[in-house]
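Below you'll find the structure, written out as structure tokens, and then a few comments.
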2 protein chains.
Amino acid sequence: MDSPNTTPTAEDETQLVSRRIQRLSLHLTPIPNSFIRDHHQLQLLTCARVKLSVNTALLSDFMRGKHRGIQEKVYEYFKSRPDLQTPVEISKDEHRELCMRQLLGLVREAGVRPFRYIVEDPSKYFAIAEAAGSVDMSLGIKLGVQYSLWGGSVLNLGTKKHKDKYYDVIDNLEYPGCFAMTELHHGSNVQGLQTVATFDPITDEFIINTPNDGAIKWWIGNAAVHGKFATVFARLLLPTHDIKGVSDMGVHAFIVPIRDLKTHQTLPGVEIHDCGHKVGLNGVDNGALRFRSVRIPRDNLLNRFGDVSRDGKYTSSLPSINKRFAATLGELVGGRVGLAYSSVSVLKISITIAIRYSLLRQQFGPPKQPEISILDYQSHQHKLMPMLASTYAFHFASLHLVQMYSEMKKSHDDQLVGDVHSLSAGLKAYVTSYTAKSLSTCREACGGHGYAAVNRFGSLRNDHDIFQTFEGDNTVLLQQVAADLLKQYREKFQGGTLAVTWNYLRESMNTYLSQPNPVTVRWEGEEHLRDPKFQLDAFRYRTSRLLQSVAVRLRKHSKTLGSFGAWNRCLNHLLTLAESHIESVILAKFIEAVQSCPEETRATLKLVCDLYALDRIWNDIGTYRIVDYVAPNKAKAIHKLTEYLSFQVRNVAGELVDAFNLPDHVTRAPIAMQSEAYSQYTQHVGF
Amino acid sequence: MDSPNTTPTAEDETQLVSRRIQRLSLHLTPIPNSFIRDHHQLQLLTCARVKLSVNTALLSDFMRGKHRGIQEKVYEYFKSRPDLQTPVEISKDEHRELCMRQLLGLVREAGVRPFRYIVEDPSKYFAIAEAAGSVDMSLGIKLGVQYSLWGGSVLNLGTKKHKDKYYDVIDNLEYPGCFAMTELHHGSNVQGLQTVATFDPITDEFIINTPNDGAIKWWIGNAAVHGKFATVFARLLLPTHDIKGVSDMGVHAFIVPIRDLKTHQTLPGVEIHDCGHKVGLNGVDNGALRFRSVRIPRDNLLNRFGDVSRDGKYTSSLPSINKRFAATLGELVGGRVGLAYSSVSVLKISITIAIRYSLLRQQFGPPKQPEISILDYQSHQHKLMPMLASTYAFHFASLHLVQMYSEMKKSHDDQLVGDVHSLSAGLKAYVTSYTAKSLSTCREACGGHGYAAVNRFGSLRNDHDIFQTFEGDNTVLLQQVAADLLKQYREKFQGGTLAVTWNYLRESMNTYLSQPNPVTVRWEGEEHLRDPKFQLDAFRYRTSRLLQSVAVRLRKHSKTLGSFGAWNRCLNHLLTLAESHIESVILAKFIEAVQSCPEETRATLKLVCDLYALDRIWNDIGTYRIVDYVAPNKAKAIHKLTEYLSFQVRNVAGELVDAFNLPDHVTRAPIAMQSEAYSQYTQHVGF
């Protein structure tokens, strides 16, 4: 709610002009503190857009990852093969076949071999997956199922014998495979899976069984059509000589052949049905699998974390079911890293289309003057500029995550493992939720023409939608972040060390425990509001306060409700805590990028970073006001500055999306072509 | 951010038990004020769900509109004709043909004749359109194009000669038609349309021309395949004897034949292309039309608001181009009423599916106990319960709008016309935006199974998406509401009368102008927070404050920026104002419904209404805190009570969706079947 201004003061014209000259000379960067109150007038007085000069090429170089080369190889390959491009309308069955041909072409013809990088250079793998997803998200996911899930489970959960046997045939797609974890009744609760693998010591085999309909493996990618094998997650049952007859060793992974290598017929005991048409990603053939006493050799147990000997004895380097389960799932964290990274890429494509079209599109205008670009409307800037800032913010945060993950794959450092686990969960959840919402906003921002399938928002949204659910439901993942924060919190109080990502909590927790400074809560100058210290402090104060208060509430409620009940009673609070923490990490990484970027790009990135920070603070201004962290006038100043920064970012919005360096054959939407967009659109329709 | 509690007090066990008995006897309704602080403990102590007893049948009777009979006729017809049901996967071309067969079947076989009610009983027309949309949203829209847009333009913009000639053949679908308003370059700015209709006095004809590519009629429903006629909006040009040669009389509507009645060939001078695949609504055949000197008889001008005589003289009962334009567009307001109404219906279907599945689905649970329903998670309640409350709120508000519209169609009362115009714009914008977001939330809430196309969220979202754009872009419509509020505001200060819907502003504007009462800003008892007076006051205070402050800002900025620039400078503020006003109207209508409902349903509706009100206040708590309308502790109390009411509504959520009275053959999603949902789902997949 904006403050009602009192009657406008009648400014002296002469004075205005002299101030105008003074201000023009400043070119807005840097703006002295005292000018912030007048920025609306400044905008007016400078009369035209006060515009930063953006070095797009340099910014693009800085943004571009080190694996841009292989991404361009992917783009170029598909550009050269129009027959492999996914048409706007395609049936499920045709899409599945096309998607397989795309993958085969990429691997066998273009010679892009993602499997080689899964372990040795994950950041290169993610770059390939991202580029493939830009061609068709189904292709990105199909590639991920084959190499990260099926292939990754063999490499990460198996041992040398598995690698020797399967590496080449997974790499060259001779053995397309599945990752059969989820069941009809169990998705998030993986420990509740009911499929069983019973060891038969007589034949030295495991017998895989689906004990009931709820245990049917569901949503299994590659299963409906192409898969020859599946990594099946099942409870390992070992015969015992006691009254129970078997001992449940917990969930393990097994390689199960599902189709004949030559005839492609479904193997005996395996029942496969097609999960059918989905909201999106219809290029991926998801199936449902039921096993009826399917026998596999003992060697098919992926035995890195637990093994069964010829005589049915269980051995493991890890002491408990829970530890083994954690180690098993821990190896799958790469999928989340990849999704966070690819989701940013989807957001880039979407906002590029929305901004290019919004610059082109004109509607209404001042009386008797030409119509203006719709991006000149404040409401449109409000829809798209904080989103553009967030895209930049997520870009740096996801690059950071990929780097951490790559280091972890080399060092296997325990603390890094925990850090990557939590950050990948949090960023995947946060970014995919944000992108999903943004895709809808971008469609709306492009009005009716945004509704033409050829302009891509429909398929981008439908394909991306499930990013919020698979590889860990976002609500569940955020709880893992919250749980990790609470663990760190307890360790802090026990004098232990904090993982790198949470290190800031040590300091801010102390700040938080004191009251907000009554002087700084009133500071409302632009210099202060654009000071990274103020911004980071505000983000971290919020996180620390949420953490401290939820810890107290959990302790209180646990006494009466038990730990599960207490957790549920505080669940909204815990989710807000997790999001707040992730936002703090994102902002910190963005601020680092502003500090480390080439000098010529700094003013631009600083502007974008400030918008990201202040927009987030304004979005949660209620929180800050309830604890009186900011005074009413400071809250209003934050709001005004956010609107003003949106206006400033709008003035370089074209350059900022250009810096993503997405060629027209990647964005593809006719309304977003870099020249002649309207006529490319009418041509598409047949004029 | 929740307040950090101090260390939990150790309650005396004995005391607890005696209080427990006392509380159990209260059964939560009514709850004495003093208990509010302890409600979490109350929840705990009563140990099971404190559950209202809901009279579903009575509630359903109260909710059900008076036209339920004809809706059931629609449902039953399609239930009896499985061959006319839209399959989960269908190509665009097949879908279009199926949709036409559905419409023909409904009209000619089931004998449902929507056109008869367009003028004489609009509420019955909207009920039919809603039911048809529940069968397939494409059908609802195709029906709307034929009867409300094409038929409605003939009835409302034409005169007796048009009605005599076209009524029967529109009614029985012999003449499928189009409504050709939007152009490639102009959607929202209808006054900027460029298609021209030049009168030729020699042949007594109009010549329709598309002067440039930007003026190609775009997105025209029924044009790509089925339409025989189009109501074309074009600038009427009359020959003059001055130097200009022609005089532009502004936008008028003309009946233009586009295809041969017998051969269905496109007529000479008409070029039609297919707009192609869309994000959704692919059962509707949208096309693009270009006219090259297409001649139509003078009689084809829809001449209710302006006419041309044989000798080329223009006559009109209305004095200016602007008045005629407003009258023409004013007749089209019914489309918005229908969209608001149908959008609520989509929301009902979506939340019914999400809630039924969330009650069925179990995941995780306390150690060694059965898994719990996912609707028992606080986070899930947070996602779905305020949405359920909003669905009820929108239901009553949209019924109210339909009633007002029906009265207006009878009385033609000027004040009512203005009121309906503004309220239909606002509710259409507000409700469709809310529903669009909710569809995504419902999909997420249903996890992976929500992603199966058969479970409907994909098609509901894709089809509904454009509701936010067509019949008036939501951002543009909200500005109409804001403009109307400002007009009312000025009239108030000039002592004029206020339209009924804004009447509350008279009072609350006075309240606003004084400071918030320092005592009531601290009241935090449940009785106070659940008092409709507190809730309405809070909503209206916000609206009044936004209105007053934006009026002042506009006046200030107009002096320097001109009215267009000032409006744009305040645009976000104006949109917030419009939304705030619409929320106030929705709440007022809900409160009226609680007062007028059968006694046995009142406690239930009151609970739902309170959740609606408090959730909205909490969502904008920053606003209230910035102006210190609520003290920090009151803000926290509102938050806690919102969570608690969500919990209470969860306990009757099943009954609340049952009261929508949507049979399984309307909801259709296997995961939401009222019995055996999982096995219906596995059967669907082939097990």
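Naming convention: chains lettered A, B, ... in sequence-line order (proteins, then strands); numbering from 1 in each chain.
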What part of [X] gets within 4.5 angstrom of chain A, counting heavy atoms only: side chain, backbone, both, or neither?
X: B:Thr475; value: side chain
X: B:Asn462; value: both
X: B:Phe470; value: neither
X: B:Arg456; value: neither
X: B:Ile216; value: side chain
X: B:Lys383; value: side chain

How long is the gap from CD on B:Gln468 to OH on A:Tyr451, to the nearest 0.5 Å?
->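 The distance works out to 10.0 Å.
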Report the distance from atom SG of A:Cys275 to atom NE2 of B:His684, rounding to the nearest 0.5 Å.
->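 It is 9.0 Å, given to the nearest 0.5 Å.
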Can you tell me which of [options] forms the most heavy-atom pairs within a distance under 4.5 Å of chain A?
options: B:Gly448, B:Ser563, B:Gly622; answer: B:Gly448
options: B:Gly458, B:Ala551, B:Ala453; answer: B:Ala453
options: B:Gly565, B:Cys570, B:Gly280; answer: B:Gly280
options: B:Gln362, B:Lys634, B:Arg361, B:Glu271; answer: B:Arg361

Restricting to non-hydrogen atoms, name the atom on [X] and the atom on [Y] that form the minimum distance, rounded to 0.1 Å.
X: A:Val685; Y: B:His273; answer: O-CB, 3.3 Å
X: B:Ala635; Y: A:Ile626; answer: CB-CD1, 3.7 Å
X: B:Phe564; Y: A:Pro367; answer: CB-CD, 4.3 Å

For chain B, which of A:Thr682, A:Ile372, A:Asp473 has the most heavy-atom pairs under 4.5 Å?
->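 The option with the most such pairs is A:Thr682.
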Who among A:Gly365, A:Ser433, A:Gly187 has the most heavy-atom pairs with chain B under 4.5 Å?
->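 Highest number of pairs under 4.5 Å: A:Gly365.
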Backbone of A:Ser188 reached by a side-chain donor or acceptor of B:Gln363 within 3.5 Å |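 Yes, because the side chain of B:Gln363 sits within donor-acceptor range (under 3.5 Å) of the backbone of A:Ser188.
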Side chain, backbone, both or neither of A:His449 within contact of chain B (heavy atoms, under 4.5 Å) =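 It is both, since atoms from each part get that close.
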For B:Glu371 and A:His185, does a side-chain donor sit closer than 3.5 Å to a side-chain acceptor?
->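 No - no donor-acceptor pair under 3.5 Å links their side chains.
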Consider only side-chain N and O atoms of A:Arg443 and B:Thr469, and report whether a donor and an acceptor are under 3.5 Å apart.
->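 Yes, a side-chain donor-acceptor pair sits under 3.5 Å.
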Output, in order, the C-alpha distance, side-chain angles, deciding distance and verdict of side chain to side chain contact (heavy atoms under 4.5 Å, CB included) for B:Asp213 and A:Phe687.
-> CA-CA 9 Å; B:Asp213 279 3; A:Phe687 284 97; 5.8 Å; no
Evaluate the side chain to side chain contact (heavy atoms under 4.5 Å, CB included) criterion for residues A:Arg461 and B:Asp465: first the C-alpha distance (whole Å), next the side-chain angles of each, then the deciding distance (0.1 Å), finally the verdict.
-> CA-CA 11 Å; A:Arg461 178 172 61 196; B:Asp465 187 6; 2.8 Å; yes
How are the rings of B:Trp218 and A:Tyr681 set relative to one another: parallel (under 30°), tilted (30 to 60°) or perpendicular (over 60°)?
->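 Plane angle between 30° and 60°, so tilted.
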Which residue, A:Asn572, A:Leu575, A:Leu571, forms the side-chain contact (heavy atoms from CB on, under 4.5 Å) with B:His382?
->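 Exactly one option meets the side-chain contact (heavy atoms from CB on, under 4.5 Å) with B:His382, and it is A:Asn572.
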B:Ser91 side chain reached by A:Glu89 side chain, heavy atoms, under 4.5 Å =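 Yes, their side chains come closer than 4.5 Å.
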Heavy-atom check, side chain of A:Phe364 versus side chain of B:Asn568, under 4.5 Å =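 SC-SC contact between A:Phe364 and B:Asn568 ruled out.
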